[in-house]
Amino acid sequence: MSPFPAWLPLRRRSIAVRLATSALLASSAILLIAAGILTTLYRENTERAFDSRLLVYANNLATDLVSPNDPESRSFTLSDPRFDLPLSGWYWQIGRPDAKPRDLRTSRSLVGVPLKPASDPDTKAGVGQIRQGYGQAQDERPLRIIERDVDLGEEGRYTVRVAGPADEIANDVGRFRFSLMVTFGLLGLSLALTTLLQIRFGLAPLAKLRNALGAIRRGESDRITGEYPRDIAPLAGEVNLLIETNREILERARTQVGNLAHALKTPLSIIVNEVGAADAPGDLSAKIREQAAVMRDQVNYHLDRARAAALAGTLGTSTEVEPALAGLVRTFGKIYRDKDIAYAVHVPPGLRFRGERQDFEEMIGNLVDNASKWAAGRVSIRAEAVAQDDYPHLMVSIEDDGPGLAPQDREAVLGRGRRLDETKPGSGLGLSIVADLAALYRGRFRLEAASLGGLRAVIEVPGDAPTGAAPHA
């Protein structure tokens, strides 16, 4: 299913869709305009050819008209038998412009009503001028009419009018239009296929670049490799430079965190050792050791968060989920051996977490530890890829069959901020660590009621679906 709704503006769709749509619209407009122009030209040419046929008949009648015979005894004949068939659509008529119907000479096919002029009767026309247009027969059949005036001197002026069925022109133009539509349809289909091939070929380097970036994101490669066109090669080079710069910055951050850890832990160790060697009162010595241990724990906590914050932005780092979960289940199965907990793990092969294995194990380990601590005998762990903001994410849910938490307690636990496990005794070991790490990876963490009856912890962090599988919406 497309991630873009049908109403999404074109400017926000993919380049391939934009190119295909613009090419389709442009080609369709050009073909439609060309079809209209060609049809108009063909109609005009067909009308001229039809008028030429009618003009031949009109000239033959004009020749008979100017013969030296007496006007009443002149014979007007045409060789085409259609002029002898009543209401055939082929008619001729000769007479003075102001002649009454009984004084007109007409073809046998013209029965009853005389032919009306093709042009406005008020139109001034010179002798010999050809006029043409459309009219209507007495049976309402459309006609193409051509007429000319012939001046016989003392005998006066006569109008020769010849008509033919206009539907012959319409049928001829209709057949041409159908042939043109079929031809242009095949041409449009060929253009569409050619355009799609051109788009696929032209955008292949971008697809290759996208796959290379995906490989970096999944941890399968540490840089963009391969040859690219000179339009895209600078982009690939800049991305590689950005990756290298990011890697160097993170490496410096790790070094600084390590130096800070050494700088803080060493004085604490010295204080603890000096207190033990000195003759300090027992209560004072115990108090100093206690506070030093608290300081050491706080230092470790915040240094781990700093390390995780640095690693969370690392490109190309990923962890396979299945073996990591299998190791955690084995570990906690041994720790809670006395409770005989049944662990059910559901995870598709190839599912990956985009981050450090240590951070993944710390997040999931704390949740599994909390579930094992409160479970009556069953713990379920499920991992799957989900689509979030058009990008794949990893969702891991851990639920138990223990007493669980009331909705108001869950809200209170999640509403306290970073030190979530302080809101209620036993509400979840290490939940603050889980929430912090999930936030560092721009993920989400929530608590729900479990189908097993206890508590369900759900964490969503960046991840990748198995190859060939689509993430769930």
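Rounding to the nearest 0.5 angstrom, the gap separating the CD1 atom in I459 from the OG atom in S397 is 11.0 Å. A distance of 8.5 Å separates CG in L187 from OG1 in T183, rounded to the nearest 0.5 Å. To the nearest 0.5 angstrom, L209 atom CG is 6.5 Å from I232 atom CD1. Rounding to the nearest 0.5 Å places CE of M181 at 11.5 Å from CG of L186. Taken to the nearest 0.5 Å, the CG atom of L110 stands 9.5 Å off from the OG atom of S88. With values rounded to the nearest 0.5 angstrom, R105 atom CZ is found 9.5 Å from L65 atom CG.
The shortest non-hydrogen separation linking A438 to V461 is CA-CG1, 4.4 Å. Residues L31 and G188 come closest through the heavy atom pair CD1-CA, 3.8 Å. Of all heavy-atom pairs spanning V160 and A58, the tightest one is CG1-O, 3.8 Å. Nearest approach of P205 to G202, heavy atoms of both residues: CD-O, 3.4 Å. Residues I398 and A371 share a closest heavy-atom pair of CG2-CB, 3.7 Å. When all heavy atoms are compared, the tightest approach of T319 to G355 is OG1-O, 2.8 Å.
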Could you go step by step and tell me if I243 and L241 meet the side-chain contact (heavy atoms from CB on, under 4.5 Å) rule?
-> CA-CA 5 Å; I243 293 173; L241 181 60; over 6 Å; no
Under the side-chain contact (heavy atoms from CB on, under 4.5 Å) rule, what do E168 and R53 come out as? Steps first, then yes or no, please.
-> CA-CA 13 Å; E168 289 193 9; R53 293 165 58 191; 3.9 Å; yes
Can V368 and V329 be said to form a side-chain contact (heavy atoms from CB on, under 4.5 Å), step by step?
-> CA-CA 8 Å; V368 175; V329 169; 5.7 Å; no
Quick one: do Y57 and D80 satisfy side-chain contact (heavy atoms from CB on, under 4.5 Å)? Show the steps, please.
-> CA-CA 9 Å; Y57 297 133; D80 195 329; 2.9 Å; yes
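Every residue meeting the ring pair (Phe, Tyr, Trp, His ring centres under 6.0 Å) condition with F176, not counting sequence neighbours, appears here in chain and number order: Y42. Contacts of F353 classified as ring pair (Phe, Tyr, Trp, His ring centres under 6.0 Å), with partners at least two apart in sequence or in another chain: F360, Y441. Residues that satisfy the ring pair (Phe, Tyr, Trp, His ring centres under 6.0 Å) test with F50, not counting sequence neighbours, are W90.
Side-chain contact between E147 and V162 is absent, with no heavy-atom pair separated by less than 4.5 Å. A 4.5 Å side-chain heavy-atom check between L193 and L191 finds every atom pair outside the cut-off. Residues R48 and N45 meet the side-chain proximity criterion, which asks for heavy atoms closer than 4.5 Å. Taking 4.5 Å as the limit, some side-chain heavy atom of H346 sits within range of a side-chain heavy atom of S380. Looking at V173 and I169, their side chains come closer than 4.5 Å, going by heavy atoms from C-beta outward. Contact annotation: the side chain of D400 never approaches that of R378 to less than 4.5 Å [non-hydrogen atoms, C-beta and beyond]. At a threshold of 4.5 Å between non-hydrogen side-chain atoms, the residues L437 and E362 count as touching. Using a 4.5 Å heavy-atom cutoff, the side chains of E448 and V458 are in contact.
Although no hydrogens or angles enter the test, the distance criterion places a donor-acceptor pair under 3.5 Å between the side chain of K208 and the main chain of E227. Between the side chain of S28 and the backbone N or O of L25 there is no donor-acceptor pair closer than 3.5 Å. The backbone N or O of L115 lies less than 3.5 Å from a partner atom in the side chain of R161, making a donor-acceptor pair. In this structure, the side chain of Q138 engages the main chain of V111 through a donor-acceptor pair within 3.5 Å. Of the possible polar contacts, one joining the N211 side chain to the A207 backbone as a donor-acceptor pair under 3.5 Å is found. Side chain of S107 to main chain of W92: a donor-acceptor pair is present (N/O by atom type, distance under 3.5 Å, no hydrogens or angles). No side-chain donor-acceptor contact under 3.5 Å links Y158 to the backbone of G156. Using a distance-only test at 3.5 Å, with no hydrogens or angles considered, a donor-acceptor pair links the side chain of N240 to the main chain of I224. Judged by distance alone, with hydrogens and angles left aside, the side-chain atoms of N370 form no donor-acceptor pair with the main-chain N or O of N366 at under 3.5 Å.
Between D149 and R157 a salt bridge is recorded (basic side-chain N to carboxylate O distance below 4.0 Å). Ion pairing of R141 with D167 is present here, as a side-chain N (NZ or NE/NH1/NH2) and a carboxylate O approach within less than 4.0 Å. Salt-bridge annotation for R446 and E460: present, with a side-chain N of the basic residue lying under 4.0 Å from a carboxylate O of the acidic one. Ion pairing between R223 and E244 holds under the 4.0 Å rule for side-chain N and carboxylate O.
Other residues, nucleotides and ligands place more than 12 heavy atoms under 6.0 Å from the CZ atom of R82. Atom NZ of K116 is surrounded by 12 or fewer heavy atoms from other residues, nucleotides or ligands within 6.0 Å. When the shell of 6.0 Å around CZ of R96 is examined, it contains more than 12 heavy atoms from other residues, nucleotides or ligands.
Figure legend: R108 and F83 shown without cation-pi pairing, the cationic atom not lying both under 6.0 angstrom from the six-membered ring centre and within 45 degrees of its axis.
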